[in-house]
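One structure is given below, encoded as structure tokens.
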Amino acid sequence: MRRIFIYMICFASLVFGGCDLNLEPENGVTFDHYFQEESDCNALLRQMEADLRVIWSAVTFHEHMGLLTDRVYNAASIEKVRNLDPNYLTDRAKQQQWKPYYNVITNTHLLEENVGRVPNLEKKRQSFYLGQVYFMRAACYFWLSRTWGDAVIVKNSSYIDRYEKSPAVEVIDSAIANAKRAYRLLPRFDKLRDLNNKALVSKQYGSRGSAAALLAHIYAWKGSVQKNDDDLRASVDWASRLIEPQYQDSVGVYTLAESAEEVVTSVMDRNSAEGIFEIEINYADISYYGLFFPGSYFVSYPVMRNSGKNDITTINYGLYRSTVLNMYEEGDERRDAFFYALDSAGMNTADLTYLYKWRTPRYESSGSSIDFKGMDCNRVLMRLADIYLLRAECEAKLGMTVQAREDLNAIRGRRKANLFPAGKNDDGGSDLQYSIFLERERELLFEGHRYYDAVRNGYYGQNSRHRVLPDAFYNLTDQDITEGALYLPVPQMAFNDNDLMIQNAYWISKMK
């Protein structure tokens, strides 16, 4: 299988950004000597899962832009990203690349086109591989469309001509179509089996539940940016399949953590009953993961070994104590679970808070030294509390006020916070949609949702009702936004030998 992987990486690089290798599979692109047994399909699937792990074990530019923070310390590059610095964001050497997504997408086509060639492969196993293919492809197109807007839609694994971008809505529709195929083919998470009929315990694999969660997010995004109520209603419907008991036999059982402490010790760890879609961080495969989720930029004392209280002043990001006290009212369990010794006078260092939402650093011995390898937990991309609050957001936009309040209060009640409209910053219930945004901010703190939450709710531009992003976003005109300012510039590598590729209009105007 190694020659397949080398070829497909080279192929995707040729189409989406340069390749120096000159390797060919046997018999052109037919792979006649491969896909002769299920292990070949499984090897390619594992390669794609590893590629996805690399993609999502890094904090993206949009996640940096959306981080709630009071200070950025000694990090000029982060400041440039957060301030939409055009020289930095269009610099070829610094740009966020889309090629890794297309490596995965191209391999999904390869597996889809060849799984039927494996002799005597049971239909159930074919459905498993195809379901994984469609789920991965849907997730990649969704992330591509949120990040770059217009993007390329791949035709098949052997198409090597030039590509032009498709409109963002078509990319989103491709994500929807593939996620629906995945939903139809995949079983519940607890029914997933590998080629040896052993249970798959990683929630990185697609399942019917994760496909439903993905569809809830895709439709919420599409309905919000396209201002289409039918799509918002579709998001509500897909979210309901994960929440309402009548769907559990078909979709699977997901349950909210009973307490904020359980969120920290179980949900933020790995494969909890609340987790739906996670990136499996496996130190047996990769020895160092570094800062692979937004919250890792805030972790210091007392989580990190050999760190002291004053080290909080030298990490990249920081939240002031006054900010956290304004976010979480007294009695809200998240105050003490997510932050260490928040109310202790002896822990007031430069008014900064000590994040305690992730507590499991990994160290390994190397000779006489002990080296930090990263946080020993999964990256949770979607969980049930997220889905409750996503449904509440869509319900609020649809005027379904009673239902939106119920979903919002389902989370607040679990966290022992005051129920809407008597909660912190509810302003008497005058802006339910904003209260839901703030609840997502509190519950999903530093998990990577906040930029896209702000965009879905329209909290950007000169006429925004609320300022939740860096100041640069409130200098944007309506024309800037129409021309693509909220998306990243197309990577310069995508223009290699491709005269059909065009840059987003906003970034063309900013490039020197």
Side-chain angles (χ1 to χ4, degrees), residues 58-85 88 260 263-264 268 289-330 332-361 372 374-375 377 379-380 424-425 437-451 453-454 459 466-474:
V59 179
T60 68
F61 284 174
H62 277 163
E63 288 170 341
H64 279 294
M65 293 172 187
L67 271 179
L68 175 67
T69 187
D70 290 313
R71 69 192 289 267
V72 179
Y73 175 78
N74 196 28
S77 60
I78 289 176
E79 289 275 27
K80 290 175 181 179
V81 168
R82 287 173 57 81
N83 290 321
L84 296 178
D85 185 319
Y88 189 90
V263 170
V264 172
M268 292 297 100
Y289 280 94
L291 304 174
F292 65 86
F293 60 91
S296 56
Y297 280 84
F298 291 79
V299 174
S300 179
Y301 179 87
V303 175
M304 302 297 292
R305 184 182 298 183
N306 299 326
S307 64
K309 291 190 298 182
N310 291 334
D311 291 337
I312 196 73
T313 63
T314 60
I315 62 175
N316 291 136
Y317 288 117
L319 271 186
Y320 292 136
R321 183 172 179 273
S322 55
T323 297
V324 175
L325 293 177
N326 188 54
M327 288 175 65
Y328 301 99
E329 62 210 6
E330 288 189 24
D332 189 326
E333 293 181 339
R334 292 170 293 199
R335 277 174 44 129
D336 294 328
F338 291 2
F339 296 91
Y340 180 78
L342 184 64
D343 296 317
S344 173
M347 296 299 296
N348 192 351
T349 303
D351 196 38
L352 292 168
T353 53
Y354 299 86
L355 185 66
Y356 209 38
K357 192 175 180 181
W358 289 269
R359 306 175 188 173
T360 54
F372 173 68
M375 299 302 289
C377 59
R379 178 164 188 186
V380 180
K424 195 83 169 178
N425 302 313
F437 172 86
L438 293 177
E439 193 62 29
R440 286 182 64 84
E441 182 178 80
R442 285 186 283 263
E443 176 67 21
L444 307 175
L445 184 70
F446 303 146
E447 294 178 36
H449 295 275
R450 192 169 180 271
Y451 178 81
D453 290 353
Y459 300 154
H466 302 287
R467 297 175 70 94
V468 300
L469 294 173
D471 289 343
F473 286 87
Y474 302 99

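All residue numbers in this chain count up from 1 along the given sequence.
A heavy-atom distance below 4.5 Å is found between the side chains of Pro294 and Glu63. Tyr289 is not listed as a side-chain neighbour of Ser296, based on a closest heavy-atom distance of 4.5 Å or more. Inter-residue side-chain proximity for Met65 and Val81 is flagged as met; some heavy-atom pair is nearer than 4.5 Å. Between Met268 and Phe338, every side-chain heavy-atom pair lies at or beyond the 4.5 Å cut-off. Tyr297 has its side chain within reach of Ile78: a pair of non-hydrogen atoms, C-beta onward, lies under 4.5 Å apart. Between Leu438 and Lys424 the shortest side-chain heavy-atom distance does not fall below 4.5 Å. Residues Asp453 and Glu441 have side chains not in contact (no heavy-atom distance under 4.5 Å, counting atoms from C-beta outward). With a 4.5 Å cut-off on side-chain heavy atoms, Asn74 and Thr314 do not count as touching.
Rounding to the nearest 0.5 Å gives a distance of 5.0 Å between OG of Ser300 and CG of Asp311. Rounded to the nearest 0.5 angstrom, Asn316 CG and Phe298 CZ are separated by 9.0 Å. A distance of 8.5 Å separates CZ of Arg379 from CZ of Phe292, quoted to the nearest 0.5 Å. His449 contributes atom NE2, which lies 12.5 Å from atom CZ of Phe437 (distance to the nearest 0.5 angstrom). Annotation: the span from Arg467 atom CZ to Leu469 atom CG amounts to 10.0 Å, rounded to 0.5 Å. Atom CG in Leu325 sits 11.0 Å away from atom CG in Leu319 (nearest 0.5 Å).
Using modelled atom types, one side-chain atom of Thr69 and one backbone atom of Gly318 make a donor-acceptor pair closer than 3.5 Å. Side chain of Arg305 to backbone of Phe372: no donor-acceptor contact under 3.5 angstrom is found. Between the side chain of Asp332 and the backbone N or O of Arg334, at least one donor-acceptor pair lies under 3.5 Å. Side-chain N or O atoms of Lys357 include none that pairs as donor or acceptor with a backbone N or O of Gly295 at under 3.5 Å.
Ring centroid separation for the pair Tyr451 and Phe473 comes in under the 6.0 Å cut-off. Aromatic ring centres of Phe446 and Trp358: separated by at least 6.0 Å.
Between Glu439 and Arg442 a salt bridge is recorded (basic side-chain N to carboxylate O distance below 4.0 Å).
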Tyr301 and Thr349: CA distance, side-chain angles, deciding distance, side-chain contact (heavy atoms from CB on, under 4.5 Å) verdict: CA-CA 11 Å; Tyr301 179 87; Thr349 303; over 6 Å; no
side-chain contact (heavy atoms from CB on, under 4.5 Å) assessment of Glu443 paired with Val263: CA-CA 9 Å; Glu443 176 67 21; Val263 170; 4.1 Å; yes
From CA spacing to verdict: side-chain contact (heavy atoms from CB on, under 4.5 Å), Tyr320, Thr353: CA-CA 6 Å; Tyr320 292 136; Thr353 53; over 6 Å; no
Stepwise side-chain contact (heavy atoms from CB on, under 4.5 Å) test for Arg71 and Leu352: CA-CA 10 Å; Arg71 69 192 289 267; Leu352 292 168; 3.4 Å; yes
Stepwise salt bridge (Lys or Arg N to Asp or Glu O under 4.0 Å) check, Asp343 with Arg321: CA-CA 9 Å; Asp343 296 317; Arg321 183 172 179 273; 3.8 Å; yes
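Partners of Ser77 under the side-chain hydrogen bond (donor to acceptor under 3.5 Å, both in side chains) rule, at least two apart in sequence or in another chain, do not exist in this structure.
With Phe339 as the aromatic partner, Arg335 does not meet the cation-pi criteria of under 6.0 angstrom to the ring centre and within 45 degrees of the ring axis.
Minimum heavy-atom separation, Thr313 to Asn310: OG1-O, 2.7 Å.
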